[in-house]
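Side chains are part of it too, since the values below use all heavy atoms of this structure and drop only hydrogens, waters and symmetry mates. Each ligand, and each atom within it, is numbered from 1 in the order the structure gives.
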Amino acid sequence: MTSPANQFDKKSEAWSALFSEPMSDLVKRYTSSVFFDKRLWQADITGSLAHAAMLAHQGIISAADHQSIQTGMATVWHEIESGQFEWKLDLEDVHLNIEARLTQLVGDAGKRLHTGRSRNDQVATDVRLWLRGEIDLIGELLTDVQNALLAIAEKNAEVILPGFTHLQVAQPVSFGHHLLAYVEMFSRDAERLHDLRVRVNRLPLGAAALAGTSYPLDREMVAKTLGMVDAQGQAAICQNSLDAVSDRDFAIEFTAAATLAMVHISRLSEELILWMSQSFGFIDLADRFCTGSSIMPQKKNPDVPELARGKTGRVVGHLMGLITLMKGQPLAYNKDNQEDKEPLFDTVDTLKDTLRIFAELVGGITVKPEAMERAARKGYATATDLADYLVKKGLAFRDAHEVVAHAVKTAIQKGVDLSELPLAELQQFHPQIEADVFDCLSLRGSLNARNTLGGTAPAQVRLQIARHRLRLAQAPS
Ligand code: ARG
């Protein structure tokens, strides 16, 4: 029997009257979540306090009980924060652990906390509260990564590297411009998080087990206490009790957005790895992000970007896991939902660590402009400029394309760049080619010519950097 002052010590005792045999240790381990969901403790206590305040306000519990709950929860908070709290596998999850300790501390008032509430609406609320905080932290980290990229883009607005399509030299681009492509990606990631945060920040509490509750709860009050409000400051509440306890769309949406952010990191990583290889030699990464080889003394390996590329795979896996978790579930809550936590937690941890490290890693990139420019000279990157030059002299683009193809073929046979062919020779391909052709055949001429919105001309790059800086300064926090 449970003593009145000590509601339950073991999980089975929380609903023991009906049960005639204890759970085996294996089943306890299999069904418990406390060793991973304990990270929700702050959200759990915060949610419980909002619930208790509302119960007291509505006259469902007494002011004295409310006071005891507040005092008891302050102790629990302190115990957990200072590492003194004893987490019990027997008590299954973070919710039962905290409630049992509260009851141990304050007696009957602790037992009244769960009035009009179920762990089903409680856990959904906790995960949402916790995730909301993590989204805000990730938003800040995305800003840090963008700022790091902007700083190096600004320094390298004039640096030329070959732009590739099909990994074949295509046209010269500014290295700053290339980096700004990633700023665009990370800015969309931040935008997506901001957007989905609205759907995370809604209150399930009050749905109880699945059908709502017979107590006169004030859900709006709880929502407002917890900061679950819309842009107009109105309480944001899950409006259907069945959906409230069973919905995990918000976790899937978040993980999808996190997956995209990791995919962007992974693409950047792939480029950094290529650029640092001896064949490219475009950049060097600071030693603190690399490791050596235990056998080859000359090696310096870009381990951090390689791992980031690898970790992207596990986040993609978490997204698949969560989607699969939901696909066959009937309404409303099912224990399957306990499986949402580890993928979600690991997604948050992986993304946060990766963004943190990249904000630093980007600042530690050494750029090698000569190697970049040398590579840009290799692949006839200004061939399009020659075609454009002929178009400006009146040729149709397709005809100009053909003329330049012949010129490139000859240059390849001679092993020289287009700009190294003498004027007389160029004129054999088309008589309208004149001495001014060499302006357009230079890498810098080609770069500066692309001075339209979103183009690679350094003037455009600087405009974009200014725009991004303004945007980041104004970003909603
Ligand atoms: N640990 C559970 C979870 O993570 C809490 C909800 C349990 N509810 C229940 N009816 N068994 O989902």
Can you check whether Asp93 has an N/O within less than 3.5 Å of an N/O in ligand 1?
-> yes

Which residue and non-hydrogen atom of the protein lie closest to atom 3 (C) of ligand 1, and at what distance in Å?
-> Tyr333 OH, 3.2 Å

What is the nearest protein non-hydrogen atom to atom 10 (N) of ligand 1, stated with its residue, atom name and distance?
-> Asn120 OD1, 3.0 Å

Distance filter under 4.0 Å to Ser33 heavy atoms, resulting ligand 1 atoms = 1 (N)

What protein heavy atom sits nearest atom 4 (O) of ligand 1, and how far off is it?
-> Lys341 NZ, 2.6 Å

Asp65/Arg112 ion pair, N-O < 4.0 Å = yes

Test: Arg39 and Glu134 ion pair at under 4.0 Å | no

Closest non-hydrogen protein atom to atom 11 (N) of ligand 1, residue and atom name please, with distance?
-> Arg119 NH2, 3.5 Å

Aromatic Phe250 / basic Arg202 pairing, under 6.0 angstrom, 45° off normal | no

Passing candidate, side chain to side chain contact (heavy atoms under 4.5 Å, CB included) with Phe282, options Ser277, Pro369, Pro162 = Pro162

State whether the number of non-hydrogen atoms from other residues, nucleotides or ligands found under 6.0 Å of Phe164 atom CZ is greater than 12.
-> yes

For atom 2 (C) of ligand 1, find the nearest protein heavy atom and state the residue, atom name and distance (0.1 Å precision).
-> Gln338 OE1, 3.3 Å

Charged N to carboxylate O under 4.0 angstrom, Arg467 versus Glu184?
-> yes

